[in-house]
Every structure is written in structure tokens, then in C-alpha cells.
Amino acid sequence: MMEPRRFRTLFISDVHLGSKAAKADFLLDFLRYHEADTIYLVGDIVDGWRLKRSWYWPQVCNDVVQKLLRKARKGTRVVYIPGNHDEFLRAFPGTHFGGIEVVDRIIHDGADGKKYLILHGDEFDVVVRNARLLAYLGDWAYDTAIRINVVLAAVRRHLGMPYWSFSAWAKLQVKHAVNFIGEFQRVVAEEARKSGADGVICGHIHHAVIEDMDGIRYINTGDWVESCTAIAEHEDGTFELITWRALTSNVPTLTSVELLEEGNLTPQAA
């Protein structure tokens, strides 16, 4: 049995509970083996858009929520920054739900004295901000890509081929074509600079990375739909990107952890 790892802070986003694509069982497994003084939920934890279209809420979604509430009861500070998929919570800034506090954005004081702006990031996505209908269509297209992904994964397993994410590939092809990721990172980093912060921690684009951008540390937490990634802050202020590749009940090797001191990383899908 693996001993839980303890960190100063954990950052998790884009779980999309309520979506069939959400890997809630992987997140629940991750939460069992990771403790922190503070946990930031950096948006799109609950997928209100999909729940409006059709209700899907298996027991494992309840288990994830209960696990977070239990951590809050035991003394972990849990802060929820809503995203565009759980924007209904933006109507309750400053509210506490079972010990979980809701804020629009927040400044995190790092252990090394640096300040980090934490926000989901959708307000800097031109599609979400200026064309809601187009955003919904994009969400539908992503659902379709996920369904294709399931079929392809089954075929590749049958043929003895390694896992490959069609949805992640398709998303990156489109976003690279319009230079979306790079522009998003630049604008969000600039927002951190305007806020007087040394860095920014966000989610939204499902692209986990830690990198320096013109003196601003840009950190994206990734997601729990494809990559199953989280960001952890150590007691000395260093940040680690954790990829939870397998359930503990399935294999003896529990995690693949990559420590990022410099540069960037694109996570592999779980």
C-alpha cells in the first residue's frame, strides 16, 4: 500500500463531473494518496453544460465530492474557482459550501515568497467570451471526438497497439492552426503581470504545462478527461506536475511523476 504524499498545495481543474468522459475514478484514486494544506479547484470541476443536456451522475461523482468535503472537514483549505462549465457558482462569491470556499479568482502566496494569480482562464478565451453559441458547438464537437476516441482505443487495444488519444490530437491540430494555445498563455501571463503577480495558475484549455514567459511563471493544471494531471507545490515553493496514469487497484506501479524545474511539458493521456 502506498503511503500518501503530502504537499503544501494541490491545484486541480477541468474534471468535468457529469460528463461521461470524466475520469472521476482516477481523480478519486489520486485524492486518496495525496494530501495538502490547501487544495485549489481551478474551475470546470462540475460540467453544468452537459448536465443541462442530459443528466449523468454516477456514484463515483458523489464519491469525489464527498472526498473533497471530507478533506475540508479534516482541516484542508479547499478553494473553488468556478470555470465556464460550472459558471453557476459564480453567483456565490465568498460563499462556503461544506467548508469549501468559492471565489472568482485569488492570489496564492507561494512558499518561496512569490505570488501567483489563480483563475480558470475562460474569460481570456475569445470563443467563450464573445460567441457562446460557437462555444457550445465546440463543446458538442469535443464530445463527438471523445466518443471516437473510445472506439479507437478499443480497436488499438485489440491490435496490441499503445493508447493514443484522437480527441487530444484533433484538439491540438485545430488549436495549433490558429495559434490558440500560445496566444492564450501570453494573454493570461500578461494578466498576472497586471495583477502584480509573479506567476499565474489556470486551467480551461486542457494543456498541462509549467514554463516561464517573459519573467512570469505560467502554470496550467491540465485536466481529468484525457491527461489526468494535477499541479503540486512543495514546502520549498517548487512546483511538480503529477500525471496519474493508472488506478492503484489495477497495477502495482501507481503514478508517473515528472518534476519540472524549468521548461515545459505536454502530458501524455492517461
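Basis for what follows: all heavy atoms, side chains included, without hydrogens, waters or symmetry-related copies.
- Residues Asp86 and Asp47 are not in side-chain contact: their nearest non-hydrogen atoms beyond the backbone lie 4.5 Å or more apart.
- Looking at Asn220 and His204, their side chains never come closer than 4.5 Å, going by heavy atoms from C-beta outward.
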Start with the C-alpha gap between Asp122 and Arg90, add the side-chain angles, then the distance that decides, and say whether salt bridge (charged side-chain N to carboxylate O under 4.0 Å, His left out) holds.
-> CA-CA 13 Å; Asp122 61 289; Arg90 286 177 170 160; 2.6 Å; yes
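- Taking the centre of each ring, Phe11 and His108 come in below the 6.0 Å mark.
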Should Glu233 and Lys114 be marked as a salt bridge (charged side-chain N to carboxylate O under 4.0 Å, His left out) after you check the CA-CA gap, both sets of side-chain angles, and the distance that decides it?
-> CA-CA 12 Å; Glu233 180 195 18; Lys114 293 183 178 179; over 6 Å; no
Is there a side chain to side chain contact (heavy atoms under 4.5 Å, CB included) between Asn84 and His120 once you walk through the steps?
-> CA-CA 8 Å; Asn84 50 305; His120 181 63; 3.3 Å; yes
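- At distances below 3.5 Å, at least one donor-acceptor pair connects side-chain atoms of Asp223 with backbone N or O atoms of Glu226.
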Give the C-alpha distance, both sets of side-chain angles, the deciding distance and a yes or no for salt bridge (charged side-chain N to carboxylate O under 4.0 Å, His left out) between Arg105 and Glu123.
-> CA-CA 11 Å; Arg105 56 169 63 186; Glu123 59 265 53; 3.5 Å; yes
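- Between His16 and His206, the distance separating the two ring centers is shorter than 6.0 angstrom.
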Worked verdict on Trp57 versus Asn62 for side chain to side chain contact (heavy atoms under 4.5 Å, CB included) | CA-CA 8 Å; Trp57 195 263; Asn62 282 332; 2.7 Å; yes
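- Within the 4.5 Å cutoff, the side chain of Lys115 has no heavy atoms near those of the Leu117 side chain.
- Residues Phe30 and Trp244 place their aromatic rings such that the two centres sit under 6.0 Å apart.
- In this structure, Leu31 is a member of the same hydrophobic cluster as Phe97, with clusters built from ILVMFWY side-chain heavy atoms closer than 4.5 Å.
- Linking ILVMFWY residues whenever their side-chain heavy atoms come closer than 4.5 Å, directly or via other members, leaves Leu241 and Ile216 in distinct clusters.
- Under the 4.5 Å side-chain criterion, counting only non-hydrogen atoms from C-beta, Phe92 is not in contact with Pro82.
- Side-chain contact check for Arg8 versus His234: every heavy-atom pair is 4.5 Å or farther apart.
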Salt bridge (charged side-chain N to carboxylate O under 4.0 Å, His left out) assessment of Arg217 paired with Asp198 | CA-CA 6 Å; Arg217 174 56 62 93; Asp198 302 290; over 6 Å; no
